[in-house]
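No experiment lies behind these values; they were computed from the predicted model shown. All residue numbers in this chain count up from 1 along the given sequence.
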Amino acid sequence: MATHTEPRVQPVDAPSPGRFDTGSASTAELVTRMADQVSTLVRDELKLAQLELTQKGKKAGLGAGMFGGAGVVALYGVGAVVTAAIAALALVLPVWASALIVAVVLFAVAGVLALTGKKEFQQATPPVPAEAVDGVKRDIETVKERAHR
């Protein structure tokens, strides 16, 4: 089963610390540049968080749908088992045996759907944008390191 992955948010090409001539820049210019860069960084991290939550929401929806499908198929399986029991009482072998075979096949399909749905649902939890949170933590550490220099 092919999975479709959403495009990742690409980081903005932020200027490296040595890119600007900070020796001739005034403090006000440096503060302005820093504010612009922090603003861009925050916007990009929010975009990443939004994209990550969208992807996890899609996976959770797919998993929930598969759980629902498993329930419907299991309901048909119960119906087939009931039909097999009725047929077994009414006739001797051919009808109930075939109904029982159908019930086993339906339960097998329900089992596969349930396991696949569980896997999809587990991939979507916890619904926290982990990549974005890690990126923000790294950014904060970088800013702290630069501020102490």
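- Within a 6.0 Å radius of CZ in Phe67, more than 12 heavy atoms belonging to other residues, nucleotides or ligands are found.
- Between Met66 and Leu113, the shortest heavy-atom contact is CB-O, 4.0 Å.
- Grouping Ile, Leu, Val, Met, Phe, Trp and Tyr by side-chain contacts under 4.5 Å, direct or through others, leaves Leu75 on its own.
- In the displayed structure, Gln123 atom CD is contacted under 6.0 Å by more than 12 heavy atoms of other residues, nucleotides or ligands.
- Taking the side chain as every heavy atom from C-beta outward, Leu41 and Gln37 never approach each other to under 4.5 Å.
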### Task
Go through the steps to decide whether Val78 and Phe107 satisfy the test side-chain contact (heavy atoms from CB on, under 4.5 Å), and finish with yes or no.
CA-CA 9 Å; Val78 169; Phe107 280 128; 4.2 Å; yes
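- Side-chain atoms of Val109 and Tyr76, non-hydrogen and from C-beta on, never get closer than 4.5 Å to each other.
- When hydrophobic side chains of Ile, Leu, Val, Met, Phe, Trp and Tyr are connected at separations under 4.5 Å, Met34 ends up clustered with Val38, Val42, Leu46.
- Rounding to the nearest 0.5 Å gives a distance of 7.5 Å between CZ of Arg138 and CD of Glu45.
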### Task
Verify side-chain contact (heavy atoms from CB on, under 4.5 Å) between Gln55 and Lys59, making sure each step is shown before the conclusion.
CA-CA 6 Å; Gln55 289 173 340; Lys59 284 205 173 279; 6.0 Å; no
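- At least one side-chain heavy atom of Lys56 sits under 4.5 Å from a side-chain heavy atom of Glu52.
- Pairing each heavy atom of Ala74 with each of Ala110, the nearest pair is N-CB, 4.0 Å.
- For Ser39, the side-chain hydrogen bond (donor to acceptor under 3.5 Å, both in side chains) criterion is met by Arg43, not counting sequence neighbours.
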